[in-house]
2 protein chains.
Amino acid sequence: MSDLVTRLRRHQWRMTPQRRVIAETLDGAHVHYTADEILERACERMPELSRATVYNTLNELVALGEVLELNFDGRSKRYDPNVDHEHHHLICDGCGATKDVHTVADPLDWLPGDERHGFAVAKASITFRGRCPECREAR
Amino acid sequence: MSDLVTRLRRHQWRMTPQRRVIAETLDGAHVHYTADEILERACERMPELSRATVYNTLNELVALGEVLELNFDGRSKRYDPNVDHEHHHLICDGCGATKDVHTVADPLDWLPGDERHGFAVAKASITFRGRCPECREAR
DNA sequence: ATCCTAGCTTAGACTTCGTCTAATGAAAGA
DNA sequence: TCTTTCATTAGACGAAGTCTAAGCTAGGAT
């Protein structure tokens, strides 16, 4: 049983087979999939699942705060179920693969007061970019 | 004369009236425009300018390393001509305003080796999020 | 100055990613 | 079990960006 599904119960979310499959697909992921990758994988278990339901469900999960929506390349969004722990992202410039990473301290402290332009600054996240092992060879 | 245009000369770039107008529009911007905002402003000086040329030119500027392509909202890309100085971005969660900011050190050093997953990590940028002075009041 | 050619520009078709619609289906409380 | 309300579906639609093929032009060669 997926941990994400358990959390969703607490939101009084109507549990349907489609939503269960989508949530479990997301939760089992070690990388952050795009909506279409989630559709593709979920369809292995439920072939009649529609694209609209995947998009609807992902948007609801984001609204509930149970999943993070990421966008680094300006193309497709990626979904990150790991919302509990503060983390940052490492992205492959070759294939767009996205991994969670952890840093040694909080980057918020790195922005001096005179660089804050009167903003109430609440969050800071770091995007690391490079090439993954596969794309390093492929070059 | 735009500083960006001067730099482009050094890349042996064929200078056309279209490219000049686009580069000057970009370079004069104090905020980071989307491609369509650039098209709109450039068309005030050159009404027959085509959308394809704006996109082509922006992509070439990015490839030449003279302009940064930004994407924070997963919608349209924004273009940042301020490529000379290492900087990061501060974004208002209320209105989406984007400002350049500077930090005290390089975040690349903050990613431990055992968090690099075999990637060749080349760059790191920080996105700070908060509320700008106007949006703090408006709440 | 003019010619030539590589490479630029253009309109509009096309692609990709995502949203919307309206009809049908099903979860879960009464 | 019934009923209501919400979820699901296929496909149309929309926004952002890319591609294509035809014509045009910047700038070096003569």
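Lettering of chains follows the sequences in order, A, B, ..., and the numbering in each one begins at 1. Treat the numbers as computed from the prediction; the structure is a model and nothing was measured.
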Is there a donor-acceptor contact under 3.5 Å from the side chain of [X] to the main chain of [Y]?
{"X": "A:Glu37", "Y": "A:Thr34", "value": "yes"}
{"X": "A:Glu115", "Y": "B:His102", "value": "yes"}
{"X": "B:Arg19", "Y": "B:Arg14", "value": "yes"}

Which of residues 47-59 of chain B sit near DNA chain D, with a heavy atom under 4.0 Å from it?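 Residues of residues 47-59 of chain B that come under 4.0 Å of DNA chain D are, in numerical order, B:Arg51, B:Ala52, B:Tyr55, B:Asn59.
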
Which residues in residues 71-81 of chain B have a heavy atom closer than 4.0 Å to any atom of DNA chain D?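 Result for residues 71-81 of chain B: B:Ser76, B:Lys77, sorted by number.
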
Would you mind reading off the distance between A:Gln12 atom CD and D:dT5 atom P, rounded to a whole angstrom?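 Whole-Å distance recorded here is 17 Å.
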
Starting at CG of B:Leu39 and ending at P of D:dG17, how long is that distance when rounded to a whole Å?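 After rounding, the reported distance stands at 12 Å.
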
In terms of the angle between their ring planes, are A:His32 and A:His87 parallel, tilted or perpendicular, with boundaries placed at 30° and 60°?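 Tilted, since the angle between the ring planes falls between 30° and 60°.
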
For the student: nearest non-hydrogen atoms of A:Glu86 and A:Ala124, plus distance: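 Taking A:Glu86 first and A:Ala124 second, the nearest heavy atoms are OE2-O, 3.9 Å.
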
Locate the shortest heavy-atom distance separating A:Ala122 from A:Leu108; write the atom from each residue and the value.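 Looking at all heavy atoms of both residues, the closest pair is O-CD1, 3.7 Å.
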
Taking C-beta and beyond as the side chain, do B:Phe128 and A:Arg116 meet within less than 4.5 Å on heavy atoms?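 No - every pair of side-chain heavy atoms lies 4.5 Å or more apart.
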
Start at the 5' end of DNA chain C and walk down; is the nucleotide closest to A:Pro17 or to B:Pro17 reached first?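 It is B:Pro17, whose closest nucleotide lies nearer the 5' terminus.
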
Is it the case that more than 12 heavy atoms not belonging to B:Glu48 sit under 6.0 Å from its CD atom?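 Yes.
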
Does a side-chain N or O from B:Arg14 land closer than 4.0 Å to OP1 or OP2 of D:dG28, or not?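 Indeed not, no polar side-chain atom of B:Arg14 lies that close.
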
Range on DNA chain C touched by chain A - first to last nucleotide, heavy-atom distance under 4.0 Å: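 Listed 5' to 3', the contact boundaries are C:dC17 to C:dA28.
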
Do A:Arg78's NZ or CZ and the ring of A:Tyr33 fall within the cation-pi criteria of under 6.0 Å and 45°?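 No.
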
Under a plain distance cut-off of 3.5 Å, with no hydrogens placed, do A:Asp100 and A:His89 share a side-chain donor-acceptor pair?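 On atom types as modelled, these side chains qualify, holding a pair under 3.5 Å.
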
